[in-house]
Amino acid sequence: MEHASRAASSPLRLTLPDGSVKEFSGPVTGLELAASIGKGLAAAALAVKLDGEMRDLMRPIEHDARVEIVTRKSPDALELIRHDTAHVLAEAVQELFPGTQVTIGPNIENGFYYDFARDQPFSLDDFPKIEDKMRAIIARDEKLVREVWNRDEAVEYFKNTGENYKAEIVHDLPANEDVTVYTQGTWKDLCRGPHMPSTGKIGTAFKLLKLAGAYWRGDSKNPMLQRIYGTAWRDEKELNAYLTMIEEAEKRDHRKIGKELDLFHFQDEAAGSVFWHPKGWTLYRALENYVRRRLDKSGYVEVLAPQLIDSSIFKASGHWDLYGDNMFKITVPPRNGESGGGDGEPKQIGLKPMNCPGHVQIFKQGIKSYRDLPIRMAEFGMCHRNEAHGALHGLMRVRQFVTDDAHIFCTEDQIQSESVAFCELLRSAYTDLGFEIARVRLADRPEKRVGSDAVWDKSEQALHRALKSANLPYDMNPGDGAFYGPKIEFYLRDAIGREWQCGTLQVDFNMPERLDATYIGEDGQKHRPVMLHRAILGSMHRFIGILVEHYVGKFPLWLAPIHAVICTITNDADGYAQEVYQTLSDAGLRVQMDTRPEKINAKIRDHSLQKIPLILVVGKKEADAKTVALRRLDGEAQDIMPLAEAARKLAQEALPPDMNHAG
RNA sequence: GCUGCCGUAGCUCAGGGGUAGAGCACGUCCUUGGUAAGGACGGGGUCGUAGGUUCAAUUCCUAUCGGCAGCACCA
């Protein structure tokens, strides 16, 4: 049918990236276009971009458009290479393991995966064999040919070839829609495309990485498929750089560094819960106190609500029904003739999974006037969630955690200014912590939700407006809001480019309604306050995990659990070291002494490996002159200065960023 | 929760049907040395837990707990 329309077309004007226009008497393929520009370009062409959309090189261009020939030099080439590599992987697997069904194989960040259905499990030992076969298919340089099929034909074809999953995908497409099938050699796959002209264009810079289970269509009710992950790049150099980056990420693993630096540990008897060691807890408190000061200065009040609250509150809030499975529930039986609950029933209480219901109870004490609003209520209390076993991951996902949570009770009119103020606070806090906002997304109404559509309309609009007036570019995250309201998600970027969603701002018209919070308005009548749920760091636990990985354990001075270790050259200096310790300690620094009868080399090494930011060496010379020799982590030079000056300077340097006005 | 892999000394790991080994750490002694490991000796493990197979299990099997990777979930 494409040929038919091709013949009927009129003159064609194609605008190149440099603004020049190429005219053709009728439709041309991307390859013909490339050839008309230059022979070299035609040879290098992989695909063509039509008004920003990538298309096959051999597909006729029928309409006027902005066009761009995609070559290997273009970053867009990665997308093509990875997708083609996924196809080659599928072909290789089917050649090697007959009877294996193919399903889907999309690109992901830095690579691709392909999901297979096969009774027998693949093993990592199969990878070299599969990679060899892939190389062979690439060497064959099979042409990738796009064909347009009728949907029913396609269903029939895939059924007949035993590809039930593919058949199901096609079957679920609208009945009158044609589908595209790509053939490479003798192998066919349902695919939207686009693809490069032949498998030889892939090159050799690919590698299979991981093997894992994945549900068919991402639904845990469906059968589990076997997913093979791979990565593919334009050349070996890019591939190696990526593999090195993976190693870097492994080196930064907060679980490993947490153990090495003696920050915290986990053990079987408290799965998903953290045992904070003195150094880790010092870091935790430094971070919590920082946030606390920022909130204090931003007009928040801090509270602490109970951890154990009767189920009635959670039933009213909706958490009991929607998230009950993930709550820790305690059944208290009647005792000594008392009734546990009333009616002689055992009492059901819940360990709070979040703070909002508790905060509403505090809000509801006494009568609130519109003059009292906004009330910004913060808490650093422990929340408990019975996370699925497989979800637990170091500090990143735990069952007991604290959020830098706060709820702003305000009027509808105040949503805007409160939201903007929060965005400013968040931005400033991220800067202080060494991050920047990488991305902002607005997550709107999910399927599982409470409240009327009218209320959701109002809430979503409020967030759109807030983001606009805070001047933050954002994109949408459809259907990912909380059950009580839409949310803004703030992502930060760490030192190796990974994005983490930490901050959040949620508008909630529902919770005040469900838990019956009211204030008296100017008109003397009762009104519902709006609740803004907001967090800057999100989970303190997770945020510390991110900090550890971001800084590889080399924390900025104000967060470092130990600021300085005083190392003696010989034990003759122990007395003076004690004086140094006292002076620095009095200046507010977190200091330790190392008077072991070890050589100074060993002491430097030990404390450097512990990522202690400052090492103060004292020997006879320093004791006589009342000085210290300062060595910074990863520094070469030593800096000799009078003790009093060192204490003053370092104490200043160790101040948290919000207190360091002189710095 | 699902799939796969794993669980040996405080840590990192080797080993393997006949009741265990290295390095680091730890302890004692010697060493008092100016910026990333001074030396000697020594202590330390019912091989995650419970069953089963076997003359014999830390090793094989099953269950369970926990961990890792991914998926699902994430108020």
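Letters go in sequence order (proteins before strands), and every chain restarts at 1. Just so it is clear, the values below take in all heavy atoms, side chains as well, and ignore hydrogens, waters and symmetry mates. The structure presented is a predicted model; accordingly, all values stated were derived computationally and were not measured.
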(request) Would you kindly check whether a donor in the side chain of A:R217 faces an acceptor in the base of B:C71, or vice versa, at under 3.5 angstrom? (result) no
(request) Please work out which of the three classes, parallel, tilted or perpendicular, describes the rings of A:H393 and A:H254, given edges at 30° and 60°. (result) tilted
(request) Evaluate the criterion side-chain contact (heavy atoms from CB on, under 4.5 Å) for residue pair A:L532 and A:Q506; output intermediate values, then yes/no. (result) CA-CA 5 Å; A:L532 303 180; A:Q506 308 167 7; over 6 Å; no
(request) Rounded to the nearest angstrom, tell me the gap between atom CD1 in A:I640 and atom C1' in B:U35. (result) 11 Å
(message) Nearest whole Å is fine: how far is B:G4 P from A:R227 CZ?
(response) 16 Å
(request) Identify whether any heavy atom of A:H393 sits under 4.0 Å from a base atom; if not, whether one sits that close to sugar-phosphate; answer base, sugar-phosphate or nothing. (result) sugar-phosphate
(message) Need one value for A:R255: base, sugar-phosphate or nothing, where a base atom within 4.0 Å counts as base even if backbone is also close, heavy atoms only.
(response) sugar-phosphate
(message) Counting the atoms with a prime plus P, OP1 and OP2 as sugar-phosphate, which does A:F122 contact under 4.0 Å by heavy atoms, base, sugar-phosphate, or nothing?
(response) nothing
(request) Tell me what A:S220 touches on the nucleic acid: a base, only sugar-phosphate, or nothing, going by heavy atoms under 4.0 Å. (result) sugar-phosphate
(request) Identify whether any heavy atom of A:A388 sits under 4.0 Å from a base atom; if not, whether one sits that close to sugar-phosphate; answer base, sugar-phosphate or nothing. (result) base
(request) Take the protein atom CG of A:N222 and the nucleotide atom P of B:C71, then report the distance between them rounded to whole Å. (result) 16 Å
(message) Any strand counts, and the cut-off is 3.5 Å on both contacts for Watson-Crick or G-U wobble. Which nucleotide pairs with B:A22?
(response) B:U12
(request) Grab the CH2-P distance between A:W216 and B:A72 for me, whole Å please. (result) 14 Å
(message) Is it the case that the ring center of A:F409 lies less than 6.0 angstrom away from the ring center of A:H359?
(response) no
(request) Select one nucleotide: of B:A75, B:G70, B:G67, the one nearest the side-chain heavy atoms of A:H389. (result) B:G67
(message) Between B:U59 and B:C47, how many Å separate the two C1' atoms, rounded to a whole number?
(response) 9 Å
(message) Let's test this: given Watson-Crick or G-U wobble pairing with both distances under 3.5 Å, identify the partner of B:G33.
(response) none
(request) Just do the side-chain contact (heavy atoms from CB on, under 4.5 Å) check on A:F435 and A:R493 with the steps written out, would you? (result) CA-CA 6 Å; A:F435 298 103; A:R493 186 177 293 110; over 6 Å; no
(request) Please measure how far the P atom in B:A40 lies from the corresponding atom in B:C6, and state the result in whole Å. (result) 38 Å
Do any N or O atoms of the protein come closer than 3.5 Å to N or O atoms of nucleotides 36-46 of chain B, and which pairs are they?
residue, atom, partner, partner atom, Å
B:A36, O4', A:N601, O, 3.4
B:A36, O4', A:R605, N, 3.4
B:A36, N7, A:R631, NH2, 3.2
B:A37, N9, A:R605, NE, 3.4
B:A37, N7, A:R605, NH1, 3.4
B:A37, N7, A:R605, NH2, 3.4
B:A37, N6, A:R605, NH2, 2.6
B:A37, N1, A:R605, NH2, 3.0

(request) Say whether, by atom type as modelled, one donor and one acceptor occur between the side chain of A:T568 and the main chain of A:A573 under 3.5 angstrom. (result) no
(message) So, under a plain 3.5 Å distance rule, would you say the side chain of A:R385 forms a donor-acceptor pair with the base of B:C74?
(response) no
(message) Please report the interatomic distance CZ(A:F328) to NE2(A:H384), rounded to the nearest 0.5 Å.
(response) 7.0 Å
(request) Rounded off to whole Å, could you give me the CZ-to-C1' distance for the A:R397 and B:C68 pair? (result) 16 Å
(message) Taking B:A9 as the reference, what is the distance to B:U58 when you measure between their P atoms (whole Å, please)?
(response) 15 Å
(request) Verify whether the ring centers belonging to A:Y323 and A:F314 lie closer than 6.0 Å. (result) no
(message) Measuring only the P atom in each nucleotide, how far is B:A63 from B:G1? A whole number of Å is fine.
(response) 14 Å
(message) Quick check on the 6.0 Å ring-centre criterion: do A:H265 and A:F275 meet it?
(response) yes
(request) Searching all strands shown, indicate the nucleotide that pairs with B:C5 (Watson-Crick or G-U wobble; both distances under 3.5 Å). (result) B:G67
(request) Write down the partner of B:C60 under the Watson-Crick or G-U wobble criteria, each distance required to be under 3.5 Å. (result) B:G52
(request) Using the P atoms only, state how far B:A69 lies from B:U64, rounded to an integer number of Å. (result) 22 Å
(message) Any base atoms under 4.0 Å from A:K620, or only sugar-phosphate, or nothing? Heavy atoms, all strands.
(response) base
(message) Need to verify one output field. Residue with the more 5' nearest nucleotide on RNA chain B, A:K603 or A:K210?
(response) A:K603
(message) Among B:C73, B:U35, B:G34, which nucleotide has an atom closest to any side-chain atom of A:E387?
(response) B:C73
(request) Decide whether a cation-pi geometry holds between A:K458 and A:F509; the criteria are a distance under 6.0 Å from NZ or CZ to the six-membered ring centre and an angle within 45° of the ring axis. (result) yes
(request) Pick the P atom in B:G52 and in B:A57, then give their distance to the nearest Å. (result) 11 Å
(message) Using heavy-atom distances to pick each residue's nearest nucleotide on RNA chain B, tell me which of A:G272 and A:M224 is more 5'.
(response) A:M224
(request) Provide the distance between the two C1' atoms, one in B:U19 and one in B:U54, to the nearest whole Å. (result) 15 Å
(request) Using only heavy-atom distances, decide whether a donor-acceptor pair under 3.5 angstrom links the side-chain of A:Y215 to the base of B:G70. (result) no
(request) Hunt down the Watson-Crick or G-U wobble partner of B:U28, both distances under 3.5 Å, from any strand shown, or write none. (result) B:A40
(message) Can a donor-acceptor pair be found, under 3.5 Å and without considering hydrogens, that links the side chain of A:K166 to the backbone of A:T103?
(response) yes
(message) For the backbone of A:Q226 and the side chain of A:R118, can you confirm whether one donor and one acceptor N or O come within less than 3.5 Å of each other?
(response) no
(request) Please confirm whether A:K207 makes a cation-pi placement over A:W233, using NZ or CZ under 6.0 Å from the six-membered ring centre and within 45° of the ring normal. (result) no
(message) Just to be sure I understand the rule, does A:K256 reach a base, reach only the sugar-phosphate, or reach nothing, if contact means heavy atoms closer than 4.0 Å?
(response) nothing
(request) Name the pairing partner of B:C74, where a pair is Watson-Crick or G-U wobble with both distances under 3.5 Å, or state none. (result) none
(message) Using whole Å, what does the distance between atom P of nucleotide B:A25 and atom CG of A:D262 come to?
(response) 15 Å
(request) Name the nucleic acid region contacted by A:G218, choosing base, sugar-phosphate or nothing; use a 4.0 angstrom heavy-atom cut-off, strictly under. (result) sugar-phosphate
(message) Regarding B:G67, can its base be found pairing with the side chain of A:Q267 as donor and acceptor, where the two atoms are less than 3.5 Å apart?
(response) no
(request) Would you classify A:N326 as touching base, sugar-phosphate or nothing, given that sugar-phosphate means primed atoms plus P, OP1 and OP2, and contacts are heavy atoms under 4.0 Å? (result) base
(request) When you get a sec, tell me which of B:C11, B:G33, B:G66 is the closest nucleotide to the side chain of A:K259? (result) B:C11
(request) May I ask you to evaluate whether A:Y229 reaches the phosphate of B:C71, defined as a side-chain N or O under 4.0 Å from OP1 or OP2? (result) yes
(request) Could you work out which one of B:U35, B:G33, B:C71 sits closest to the side chain of A:T570? (result) B:G33
(request) Using a heavy-atom cut-off of under 4.0 Å over every strand shown, decide if A:K221 touches base, sugar-phosphate, or nothing. (result) nothing
(request) Taking atom P in both B:C24 and B:A20, compute the distance separating them and give it to the nearest angstrom. (result) 23 Å
(request) Could you check how far CD of A:E447 sits from P of B:A72, rounded to whole Å? (result) 16 Å
(request) Report which part of the nucleic acid A:E250 touches: base, sugar-phosphate, or nothing (heavy-atom distance under 4.0 Å, all strands). (result) nothing
(request) Under 4.0 Å between any heavy atoms, over every strand shown, what does A:Y113 touch: base, sugar-phosphate, or nothing? Just pick one. (result) nothing
